[in-house]
J.: 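Sharing a structure here in structure tokens format.
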Amino acid sequence: MSDRNHASARPASKTLLNLGNLPPKQMNFATDGQTASYPRTASRVDPNNPPWPAYRGYHEYSFAHETMGKRLPTILGNAVNDVILTLNQESDEERIVDLLSCLDRMHVLMKELQDNKQLRPIIDDEEGDVPLWNKAIAKYFRGKDFMNAPWLFAEAYKYRRLHECFSLSRYWRDYDVFFRQKCDTFSRSGTAVFELSTRFAVPQKLDANLAHEETQRINKLLFLELTQVSLWGNATDLSLLINMTEEDIKKIQSTGGEHLASTEKNILGNHLNRIWDLVANLKGGRIDIVLDNAGFELYCDCVYADWLIQSGIAREVHFHGKRIPWFVSDVTRKDWNWLLNVMTYSFLFPDASEAEMQSLRQLGKRWKQYVAEGKWIYEQHPFWCTGYTFWSISSEAPDLFHHLCESDLVIFKGDLNHRKLTYDCQAPTSTPFDVAIGPLASEDGAPPVVSLRTIKSDVVVDVPLDLSQRLDKEEPGWRISGKYAVVLLSDEDRRKKMAAKSAEGQQ
């Protein structure tokens, strides 16, 4: 047995090699454009250690600081007011007492948020996501508080804790504190709603005698405009419109062609034509839309999906929503059902003409028929409401990853989904989208991925560095204003073909 105390057991000194036959060193190595466009990423990536530095609540220069310190307490305060309104309308004593317990838990959460308490485990409320949450907290965030955990995780944790306030109750497990607000915002969007319904209630039929090239030209123009309609529908993110007037909402929801033409210049990373090249070759494909906001944005997404079905590009569209109320305005199944039914049956817009209402009803009936026929499929998976980024889909939700891999195109809507795609960290703006989304671009079988996102938080990728630096100087608030957008595509098959073509050219 070895004697660890003997002098011979001491670590050996460095071995010197006399390597006189190796070729001399070369120092004038040129870096290719891709390598030079972004720095090295972290060698170990996990929820507390993103590929580039995370945004955290204590970063006073970031929107994370504003959100954790001001926006989240305001949103939670509005949620408390909503519960009190419901409480005052309730007559059953057991339900009242049960809701008061929910309110007490909300006040505890508010106090923890304001006092910057440590993130505790989620109480077992029989939801399927509890193991995912508590594994992440135990493994990566033990001892972390609201301000020093990465902003993305801390913000998602706050909304999961808000759901816990109700999921532990007897009568109010499915209560949505944001539902009134979502409905009210859509009811004030009548001008933009009818702008679209009167155009699309009657399915468009192109002349069968048109040449294929002309048909494709018309379809391309429609596709480019409807993609922008879906993109800018995100401008009505309720969590950011706390003090917005009805006139402000109408302005940002403008969907006229002149407005869309003027806004394309504000799409800083613009892959619209690349996306068209991909979908133009689809015949009866499957397209998935990972939804963002309920109300008017969901309505715009449905107009978009309707045209994809009518044009023959898609035979089916899968809509992915949230299982629980999430980030104020995110779509839940209740929001999905409400929209289709309010379009078909209600009198939500008292000032509308009968012709306008009829166009809306006709559109709603057709969409409900799509659902009945299986052309539109609404889905929800627990992973969408966790603190994990989409870099972890294949490891934490392999069933969901494999399901998405069957799609011909997966469209992620909105700012939150973009943050989760890119790990919500301080990557240089010139970082290519393919690099920023990690495994969703590089793993075998990964589907083509599109991000339609109006920019409302700090992370920005696939935008030239000189452009972002100029905007930082001239418009310091450009990253959170929603004035600018990106339309980005990651297509692994396209990259492989281009690489193969390049290799052939070098032979």
Side-chain angles (χ1 to χ4, degrees), residues 56-58 63-127 129-130 133-134 136-137 141-184 237-243 322-330 332 334 385-387 416:
R56 301 177 191 265
Y58 64 80
F63 194 47
H65 184 73
E66 171 76 12
T67 296
M68 299 307 298
K70 296 180 181 179
R71 285 181 59 241
L72 288 191
T74 300
I75 290 168
L76 187 54
N78 290 340
V80 167
N81 292 338
D82 181 88
V83 172
I84 291 174
L85 181 60
T86 299
L87 192 67
N88 292 338
Q89 297 170 342
E90 189 59 53
S91 59
D92 182 86
E93 183 176 8
E94 285 191 17
R95 290 172 58 84
I96 290 172
V97 172
D98 196 25
L99 189 55
L100 281 172
S101 297
C102 299
L103 196 59
D104 289 341
R105 287 189 284 271
M106 293 176 74
H107 286 134
V108 170
L109 175 58
M110 177 71 86
K111 189 75 166 59
E112 290 185 19
L113 188 60
Q114 292 174 333
D115 293 345
N116 191 31
K117 293 293 188 180
Q118 290 185 4
L119 310 183
R120 65 154 173 81
I122 301 297
I123 296 174
D124 187 358
D125 53 7
E126 299 181 356
E127 294 280 10
D129 63 351
V130 173
W133 273 103
N134 289 343
I137 293 170
F141 301 105
R142 189 181 298 274
K144 292 290 183 182
D145 55 46
F146 280 96
M147 296 300 276
N148 66 26
W151 171 36
L152 180 63
F153 188 88
E155 189 174 12
Y157 173 83
K158 173 262 177 185
Y159 283 98
R160 182 57 179 86
R161 282 285 307 277
L162 178 58
H163 177 64
E164 183 192 89
C165 294
F166 298 93
S167 61
L168 295 174
S169 70
R170 180 180 178 184
Y171 297 107
W172 303 94
R173 286 184 60 89
D174 299 321
Y175 187 72
D176 184 352
V177 294
F178 308 121
F179 185 68
R180 280 193 185 92
Q181 191 178 351
K182 287 182 277 193
C183 296
D184 179 63
D237 183 340
L238 296 183
S239 72
L240 299 169
L241 302 186
I242 295 171
N243 299 312
K322 306 299 192 301
R323 293 178 64 253
I324 62 177
W326 195 247
F327 280 68
V328 180
S329 49
D330 282 28
T332 65
K334 182 178 181 179
C385 294
T386 67
L416 174 61

J.: Kindly give the heavy-atom pair with the smallest separation between C102 and S169, and that separation in Å.
T.: SG-CB, 3.6 Å

J.: Checking side-chain contact (heavy atoms from CB on, under 4.5 Å) for the pair N134/V130: CA distance, chi angles, key distance, verdict?
T.: CA-CA 6 Å; N134 289 343; V130 173; 3.4 Å; yes

J.: How far apart are the closest heavy atoms of M68 and G57, and which atoms are they?
T.: CG-CA, 4.1 Å

J.: So that I can tick it off, tell me whether K322 and D330 are bridged by a salt bridge, with the cut-off set at under 4.0 angstrom between side-chain N and carboxylate O.
T.: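 Counted as a salt bridge, because a side-chain N and a carboxylate O are separated by less than 4.0 Å.
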
J.: Any idea which heavy atoms bring I123 and R120 closest together, and the distance?
T.: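 Looks like CG1-NH1, 3.7 Å.
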
J.: Could you check T332 against I324 for side-chain contact (heavy atoms from CB on, under 4.5 Å), going step by step and ending with a plain yes or no?
T.: CA-CA 6 Å; T332 65; I324 62 177; over 6 Å; no

J.: Under a 4.0 Å threshold between the charged nitrogen and the carboxylate oxygen, would R180 count as salt-bridged to D82?
T.: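 Yes, this pair counts.
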
J.: Quick check for you: to the nearest 0.5 Å, what is the distance between F179 atom CZ and T86 atom OG1?
T.: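 So the CZ of F179 and the OG1 of T86 are separated by 11.5 Å.
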
J.: Just checking D184: does its CG atom have more than 12 heavy atoms from other residues, nucleotides or ligands closer to it than 6.0 angstrom?
T.: yes

J.: Quick one: closest heavy-atom pair of E127 and S167, and the distance?
T.: OE2-CB, 4.4 Å

J.: How far does OG1 of T386 sit from CD1 of I122, to the nearest 0.5 angstrom?
T.: 11.5 Å

J.: I need the minimum non-hydrogen distance between P150 and R56, along with the two atoms involved.
T.: CD-NH1, 3.2 Å

J.: Out of M106, R105, R173, which one pairs with F166 under the side-chain contact (heavy atoms from CB on, under 4.5 Å) rule?
T.: M106

J.: Please step through side-chain contact (heavy atoms from CB on, under 4.5 Å) for the pair R71 and E155, ending with a clear verdict.
T.: CA-CA 10 Å; R71 285 181 59 241; E155 189 174 12; 4.2 Å; yes

J.: What's the shortest heavy-atom distance between P121 and I137, and which atoms?
T.: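 Looks like CA-CD1, 4.0 Å.
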
J.: As a quick check of understanding, evaluate side-chain contact (heavy atoms from CB on, under 4.5 Å) for R95 and W172, giving each step before the final call.
T.: CA-CA 8 Å; R95 290 172 58 84; W172 303 94; 3.2 Å; yes

J.: With ring pair (Phe, Tyr, Trp, His ring centres under 6.0 Å) as the criterion, how do F141 and W133 come out once you've worked through the C-alpha distance, each side chain's angles and the decisive distance to 0.1 Å?
T.: CA-CA 10 Å; F141 301 105; W133 273 103; 9.1 Å; no

J.: May I ask you to say whether D176 pairs ionically with K182, meaning some side-chain N is under 4.0 Å from a carboxylate O?
T.: yes

J.: Run the ring-centre check on W151 versus Y58 and record whether the distance is less than 6.0 Å.
T.: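 Ring centroids of W151 and Y58 are no less than 6.0 Å from each other.
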
J.: Mind checking whether Y157 and F146 have ring centres under 6.0 Å apart?
T.: yes

J.: What's the separation between atom OG1 in T67 and atom CG in L152, rounded to the nearest 0.5 Å?
T.: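 Answer rounded to 0.5 Å: 11.0 Å.
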
J.: Report the distance from atom NE2 of H65 to atom CE of M147, rounding to the nearest 0.5 Å.
T.: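 One finds 5.5 Å between NE2 of H65 and CE of M147.
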
J.: Would you give the length of the straight line joining atom CZ of F327 to atom CG of L72, rounded to the nearest 0.5 angstrom?
T.: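 Nearest 0.5 Å value for the CZ-CG distance: 8.0 Å.
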
J.: Taking atom CD as the centre, does Q89 end up with more than 12 heavy-atom neighbours from other residues, nucleotides or ligands that are less than 6.0 angstrom away?
T.: yes

J.: Any ion pair linking E164 and R161 (charged N to carboxylate O, less than 4.0 Å)?
T.: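 Judged by the 4.0 Å cut-off on N to carboxylate O distance, R161 and E164 do form a salt bridge.
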
J.: Between R160 and D125, does any side-chain N to carboxylate O distance fall below 4.0 Å?
T.: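 The answer is yes: the pair qualifies as a salt bridge.
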
J.: Kindly compute the distance separating OH (Y159) from CG (L416), expressed to the nearest 0.5 Å.
T.: 9.5 Å

J.: State, with a plain yes or no, whether a side-chain heavy atom of K117 is found less than 4.5 Å away from one of D145.
T.: no

